[in-house]
> 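Below is a structure I'd like to ask you about.
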Amino acid sequence: MTPVHATFGEVAAERRIASVPLSHVSVELGHLYMEDFEAGPARLREQFRKVAPWLATVRSLWRERVPGGRARVSTCFLVDDYFSRFSTPAELVPMVLDAAAEHDLTIDYLARESACAQSDGVELARLVEDRLVDDPPPETDGSRPPVKETGWLCNGSRSPRTAPVQAMGKARPWEPPAQNAKRGHSIFVDVELWDERGPRRTWSCPFLAAVWQLLRLGLLRSDGRVPLPPVTLDGGWPRDWDELPAVVRLDPQAAPFSAYTTLSVLSPRFLPVELAVRTILSQVAVDDEVLRQVAGRSEGEGVRLEEELVDRISYVFV
Amino acid sequence: MLVMGEVHTGLLQNSGEISESTCRQVLGITAGETVRVSRRPIVHALSPERLTGVDCTLPAASRSRVRGVGTVVSRCAVTGGRVAQGSSYVRVVRSEADRRLPWSHYLARPGVVEVLGKAKAADLAEGFTGDPTPGSPDGACLNLGAVSGRFLDLVQASPLLDRRAPFKIPRTSLRWVAETGEPSIRFTLHTEQERTLRLTHPGPFTPAVVDLCEDLATHDWLLTSLLVIVERARIGTTPGAAAVARLAPAIDHLLHLWMPAARVEEWLTPFWDSLERRPGFTRQWRSLVDRVRDQVAVNTLALLSASAETGRR
């Protein structure tokens, strides 16, 4: 008898990572906070007026870049329902859509900020927190766990603590913090990720914005599945934010929500937030398999992606 | 250039073996990541992988200063609900830049440590697996043992374990270096608890090599532990019943765990096979197991004849 080659497999022993449909670019047309809402529809119209030419530019840039000119561009809009609750979806969403339409803008996807913390039993923020790998200062050899200030993340070494002067002791002079990858001089950034009052943890705005970027880049998985896939809404807009799905698809024909790259058109007042977001994102270890999936797909259609994920994110501050 | 890793192996700090579902909870160290479990031919559970950032000197036999920056991959495993492991490794490659780059560059290459400046693979391999040279090297030197030790601690500190292990047995550590080339394997025992492994495999490195090293570490620990237990039983100098009582934990907790090369990919099994020829892990294991069983048999016979004796009186 010839030898028999046996194959044996166990599903529970394998890692299965779902893939996600991807556009070329996801453009964030705006981010609505309570203060913007209170300022009235004029503020929104002003925002969309500024955004419109940039969206047109991005579309044409990608048409040139993609073989055959078939660029997949999707647009999204984020409403803050995490830090403050205001209005209702039924009242607010039509107002936003109307203001956008005035400038010939179509919002393909609408998302809730609180979904970046938790939604549908998936705690996206925790998921990302567990994937943080601290940027090690020189002389980090693994012998001790990384020095952490609970709830904070920085891009270098903090200033040594200067203790109050003891009766007999000498005051220790101040020493500067240092950025790890400095070029000549440091730009030291220390970001608060969350705070806790009692049992309730409040994630910081930059942390949720970092989760939002990862979601738009299609780089998150929960137990191998794609978290918070966009949902098409049947019937009208609900009267409560909690009844609204995390990501709503407004145009059934829209290009996929997640994309190889993202562009956010923002007011310059968000500059410090985005510096913090980039500080966080440059310390998130995305799953190897997910990175390979995205790289393989983009190469397959002749699009060369930046290796580092922070380089896939761009901004226009207007 | 080369891959280096270190595996720490120990007895799970629990009175009995833990179930598959407990294994999943104990090893669930990352939110949203599943614990991989295989059930044949022995239950083996593997945690998700985590990364640790390092920027330090790499061990070099020549004691030249070689700086490496990147991430260490670590994971924990539980075999047979009884043997716990913390395992870490890095793939060492030459950096294209001569300075440290932004951290996102290194996170795009998980598990890779980039060497800034000149380094020879042989020098690093010798430095990592050789006996430590006297005098501390300049600056902090990559300590994979500490990282693996912390991951093993993470398992052992789980609140799901009762911390009442049936016997005390030291942890063992296996440091390994894998390179591409003509197939060869060299396993060296250093002190009581320290082992090194030099492996040259055909073709490029794959994580299957790590599985092989972890499998060898598990079996070396089993063999070491069984030897310790047999030694502690002081067969021949202690009364039979007392010796058998000391051997009982091995029967209860270790003897069924021997499954060499169970999780090793086919192309790597020749490495196990060659270690089976020399020094012959399974040969020594069988002889020890026979010794344990013979002691039990002899003691049972003695008990039987004693009770028959009592019956005749």
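Heavy atoms only: backbone and side chains are in, while hydrogens, waters and symmetry mates are out. First the proteins, then the strands, lettered A, B, ... as listed; each starts at 1.
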> Atom OH of B:Y106 and atom CD of A:E308: how far apart are they, to the nearest 0.5 Å?
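Going from the OH atom of B:Y106 to the CD atom of A:E308 covers 9.5 Å.
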
> Do you know which two heavy atoms are closest between B:A108 and A:L291, and how far apart they sit?
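In this case the closest contact between B:A108 and A:L291 is O-CD1, 4.5 Å.
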
> With a 4.5 angstrom heavy-atom cut-off, could you sort out which part of A:D134 is near chain B: side chain, backbone, both or neither?
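Answer is backbone: N, CA, C or O of A:D134 sit under 4.5 Å from chain B.
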
> For residues 213-222 of chain A, which residue pairs qualify under salt bridge (charged side-chain N to carboxylate O under 4.0 Å, His left out), counting only residues two or more places apart or in two chains?
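Sorted result for residues 213-222 of chain A: A:E28-A:R216.
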
> Among A:G224, A:P138, A:P227, which residue forms the greatest number of heavy-atom pairs with chain B at distances under 4.5 Å?
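Ranked by heavy-atom pairs under 4.5 Å with chain B, first place is A:P138.
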
> Looking only at heavy atoms and a cut-off of under 4.5 Å, which of B:V69, B:V147, B:L107 has the most pairs with chain A?
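Ranked by contacts with chain A, first place is B:L107.
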
> Could you look at A:V284 and say if it's the side chain, the backbone, both or neither that has a heavy atom under 4.5 Å from chain B?
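Contact with chain B is through the backbone of A:V284 alone.
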
> Tell me if a side-chain donor or acceptor on B:R50 pairs with a main-chain N or O of A:V133 at a distance below 3.5 Å.
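No, B:R50 side chain to A:V133 backbone: no donor-acceptor pair under 3.5 Å.
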
> Looking only at non-hydrogen atoms, find the nearest pair between A:A285 and B:L51 and report the distance.
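Nearest heavy atoms, A:A285 then B:L51: CB-CD1, 3.5 Å.
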
> Just so I understand: if I count every heavy-atom pair under 4.5 Å between each of B:L144, B:L142, B:L101 and chain A, which residue has the most?
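Top count of heavy-atom pairs under 4.5 Å with chain A: B:L142.
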
> For the residue pair A:N180 and B:D55, establish whether any side-chain heavy-atom pair is separated by less than 4.5 Å.
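Counting from C-beta outward, A:N180 and B:D55 never come under 4.5 Å.
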
> Could you report the tightest heavy-atom contact between B:A146 and A:S143, atom names first, then the distance?
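Looking at all heavy atoms of both residues, the closest pair is CB-CA, 3.5 Å.
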
> More than 12 non-hydrogen atoms from neighbouring residues, nucleotides or ligands closer than 6.0 Å to CZ on B:R40, yes or no?
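Atom CZ in B:R40 is not packed in, count stays at 12 or less.
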
> A:N155 versus chain B, heavy atoms under 4.5 Å apart: side chain, backbone, both or neither?
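Neither the backbone nor the side chain of A:N155 comes within 4.5 Å of chain B.
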
> Counting only heavy atoms not in A:D120, do more than 12 fall under 6.0 Å of its CG?
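Not more than 12 within 6.0 Å, no.
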
> Please identify, among B:T52, B:T71, B:V54, the residue contributing the most non-hydrogen atom pairs under 4.5 Å to chain A.
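Top count of heavy-atom pairs under 4.5 Å with chain A: B:V54.
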
> Under 4.5 Å from any heavy atom of chain B, what part of A:E14 do you find: side chain, backbone, both or neither?
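The backbone, not the side chain.
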
> Going through the distances and angles, do A:R144 and B:N143 end up as a side chain to side chain contact (heavy atoms under 4.5 Å, CB included)?
CA-CA 9 Å; A:R144 280 176 298 279; B:N143 192 342; over 6 Å; no

> Sort by residue number and list every member of residues 23-35 of chain B having a non-hydrogen atom under 4.5 Å from chain A.
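So far as heavy atoms go, B:R24, B:I29, B:T30, B:A31, B:G32, B:E33, B:T34, B:V35 are the residues that approach chain A to under 4.5 Å.
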
> Count the heavy atoms of every other residue, nucleotide or ligand shown that sit under 6.0 Å from CG of A:L271, and state whether that count exceeds 12.
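Correct, the count exceeds 12.
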
> Using a heavy-atom cutoff of under 4.5 Å, enumerate the residues of residues 209-218 of chain B that contact chain A, numbered in order, or state 'none'.
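Near chain A, by residue number: none.
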
> Check A:A181 against B:P102 and note the closest heavy-atom contact, atom names and distance.
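Shortest heavy-atom separation between A:A181 and B:P102 comes out as CB-CA, 3.9 Å.
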
> Listed by residue number, which members of residues 91-100 of chain B have a heavy atom under 4.5 Å from any heavy atom of chain A?
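So the qualifying residues are B:R99, B:R100.
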
> To the nearest 0.5 Å, how far apart are CG in A:L281 and OG in B:S104?
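Separation between the atoms: 9.5 Å.
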
> Of the listed residues (A:D135, A:L309, A:D311), which shares the most heavy-atom pairs with chain B below a 4.5 Å separation?
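Of A:D135, A:L309, A:D311, A:D135 has the most heavy-atom pairs under 4.5 Å with chain B.
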
> What part of A:V310 gets within 4.5 angstrom of chain B, counting heavy atoms only: side chain, backbone, both, or neither?
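For A:V310, the contact with chain B is made by the side chain alone.
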
> Has A:E10 got a side-chain atom pairing as donor or acceptor with B:R39's backbone, closer than 3.5 angstrom?
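Judged by distance alone, yes, a pair lies under 3.5 Å.
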
> Could you look at A:P145 and say if it's the side chain, the backbone, both or neither that has a heavy atom under 4.5 Å from chain B?
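Contact with chain B involves both backbone and side-chain atoms of A:P145.
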
> Can you give me the closest heavy-atom contact between B:W103 and A:S282, atom names plus distance?
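Nearest pair, atom of B:W103 first, then A:S282: CD1-O, 3.3 Å.
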
